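Notes to accompany the following structure.
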Amino acid sequence: MTPFEKIINFSSAHRITTHLIFWIFIFILFFNKNFSNPEEFKIEVLYTLYYELFSIIVAYFLSYRILPRLMTTQKNNWTWGELILGSYFISVIARLTMVFVLEPIVRKPPFKQESITEILADLPTLFGAYFLHILSLSIFFIFIKLIKDQYIIQKRSLLLEKQKAETELKILKAQLNPHFLFNTLNNIYSLSVINSPITSKSIAVLSEILDCILYRCSSTYVPLSQEITLLENYISLEKLRYDERLSVIFNHEMDQNGSIAPLILLSLVENAFKHGAGEDVGIAPKIEIDLKLINNNFEFTIRNTISKTVFETETGKIGLNNIIQQLDKIYPENYTFNVTKTAEDFTAQLKINLASQYNLA
């Protein structure tokens, strides 16, 4: 936490104390130290307290009453009217206090005093000699409060934006996980119908996958080694279904165990199985996966063969769109995702600069 943030937090938690410290500082700052006797000291204290008192009134009037309403998008004609009348009223009270309270204390009689009518009608003196002078002291408070308010608003906006992004990510993950679970359960159901001996093994592998998804993929980033294990389990589950008809090659190379957003790679692999091996109509389905992490540069390429009669479905589009939305939120401007489709195969290539997520931490 920066010193500025500590000051903001302290002022919010101890508002009265902070305000008292500020106005004491202003008194010391503007108090004239040049006096030769106790009488001059007394006069200087009275004048400084007088101007600071009305500076406080103007500062709180503008900061808490006028400026918040002027900064809204609503019509503020009444606010401008209140500003003019309030400024005039404060100036009149300040002038009356000077003439009938302060001057009799600090000046020796006889001396001439204006009447109340003259004071009320003397607008140039009220505005130039009183309101502007008082405002010059209160401007420090107003400026600091505006900075504080803008900082709090910006921080609150960033927090709300972060919470919104996290909520949207949870929604996207919730869309992907049931999709994966539905497809996998269909596979196991097909095995159970024919009383396949590998049914129980398939359930055990699925249980391990679900354990990973439900309990280890809740954070924004997970270890890449965990994702690799998840992919290997998923591949083994699918290979139990397809036996030797399916060829899967999974190569991975890492110079470190980095972190990555969870479930994105699983969604790409699932998509390859569903629209590659799952749509097999006579060809020998083949899936090739290459994963590399070198110097925080992550690259994931997956290629699956497709039948010439297979067309892209809306479900496939939704899955890829969800992946892109997650990437946009987690790795904005730090990834590239390209898909290439030919008559024989479909290739998806994902590149991520993983160093970006460490810089945001």
Side-chain angles (χ1 to χ4, degrees), residues 1-34 41-42 44-95 97-98 101-102 126-167 220 357-361:
M1 184 180 295
T2 64
F4 178 75
E5 291 175 327
K6 291 181 179 179
I7 293 174
I8 295 294
N9 292 337
F10 178 84
S11 66
S12 299
H14 307 86
R15 189 181 300 273
I16 296 177
T17 302
T18 305
H19 286 211
L20 287 174
I21 293 173
F22 174 82
W23 290 115
I24 291 173
F25 172 77
I26 291 295
F27 178 87
I28 296 172
L29 183 64
F30 288 94
F31 182 73
N32 185 6
K33 283 80 176 176
N34 298 321
F41 173 78
K42 170 188 169 184
E44 183 60 32
V45 169
L46 289 175
Y47 271 115
T48 305
L49 288 175
Y50 164 80
Y51 281 112
E52 183 163 23
L53 172 62
F54 284 96
S55 295
I56 292 173
I57 295 173
V58 170
Y60 289 108
F61 171 64
L62 294 178
S63 298
Y64 290 95
R65 179 68 181 177
I66 300 299
L67 291 179
R69 294 163 66 187
L70 289 178
M71 295 172 68
T72 63
T73 57
Q74 301 175 353
K75 293 182 179 180
N76 44 38
N77 294 334
W78 285 105
T79 305
W80 284 109
E82 185 177 340
L83 171 61
I84 295 172
L85 291 176
S87 301
Y88 173 76
F89 180 75
I90 293 172
S91 300
V92 168
I93 297 298
R95 179 61 178 153
T97 304
M98 173 65 76
V101 178
L102 190 58
L126 291 174
F127 180 75
Y130 283 86
F131 185 77
L132 289 183
H133 184 65
I134 293 170
L135 181 63
S136 65
L137 292 178
S138 61
I139 201 71
F140 293 97
F141 178 87
I142 296 171
F143 178 72
I144 292 174
K145 186 175 186 306
L146 285 175
I147 292 178
K148 176 188 173 183
D149 289 347
Q150 289 302 311
Y151 171 80
I152 292 175
I153 291 172
Q154 184 180 15
K155 186 175 181 180
R156 188 177 300 155
S157 176
L158 290 174
L159 179 61
L160 290 174
E161 187 175 339
K162 180 181 178 182
Q163 291 175 343
K164 178 183 177 184
E166 290 176 349
T167 301
T220 305
Q357 67 194 31
Y358 307 128
N359 294 333
L360 292 173

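Only heavy atoms go into these numbers, but all of them, side chains included; no hydrogens, no water, no symmetry mates. This structure is a prediction, so every number in the text was calculated from the model and none was measured. Throughout, numbering of the chain's residues begins at 1 and tracks the sequence.
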Original post:
So Ile66 and Trp80, side-chain contact (heavy atoms from CB on, under 4.5 Å) or not? Walk me through it.
Top reply: CA-CA 8 Å; Ile66 300 299; Trp80 284 109; over 6 Å; no
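- Taking the ring pair (Phe, Tyr, Trp, His ring centres under 6.0 Å) definition, one finds that Tyr88 meets it with nothing, sequence neighbours left out.
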Can you give the donor-acceptor pairs under 3.5 Å from side chains of residues 133-147 to other protein atoms, not counting sequence neighbours?
from   : atom 1 : to     : atom 2 : distance (Å)
Ser136 : OG     : His133 : O      : 2.5
Ser138 : OG     : Leu135 : O      : 3.1
Lys145 : NZ     : Asp149 : OD2    : 2.6

Show me the side-chain donor-acceptor pairs of residues 45-54 shorter than 3.5 Å, one per line, residues at least two apart or across chains.
from  : atom 1 : to    : atom 2 : distance (Å)
Thr48 : OG1    : Glu44 : O      : 2.8
Thr48 : OG1    : Glu44 : OE2    : 3.2
Tyr50 : OH     : Ala94 : O      : 2.5

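- In Phe89, the CZ atom is not crowded: 12 or fewer heavy atoms of neighbouring residues, nucleotides or ligands sit closer than 6.0 Å.
- Here the straight-line distance linking atom CG of Leu83 with atom CZ of Arg65 works out to 11.5 Å at 0.5 Å rounding.
- For the atom pair Ile28 CD1 and Trp23 CH2, the distance stands at 14.0 Å (nearest 0.5 Å).
- The CZ atom of Phe30 lies 8.5 Å from the CZ atom of Phe25; values are rounded to the nearest 0.5 Å.
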**OP:** For the pair Phe127 and Leu132, evaluate side-chain contact (heavy atoms from CB on, under 4.5 Å) and give the outcome as yes or no after the intermediate values.
**Re:** CA-CA 6 Å; Phe127 180 75; Leu132 289 183; 3.8 Å; yes
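- Within 6.0 Å of CG in Leu29 there are more than 12 heavy atoms belonging to other residues, nucleotides or ligands.
- Note that the CG atom of Asn9 and the OG atom of Ser11 stand 7.5 Å from one another [nearest 0.5 Å].
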Subject >> Leu126/Val92 under side-chain contact (heavy atoms from CB on, under 4.5 Å): CA gap, chis, key distance, verdict >> reply: CA-CA 7 Å; Leu126 291 174; Val92 168; 3.8 Å; yes
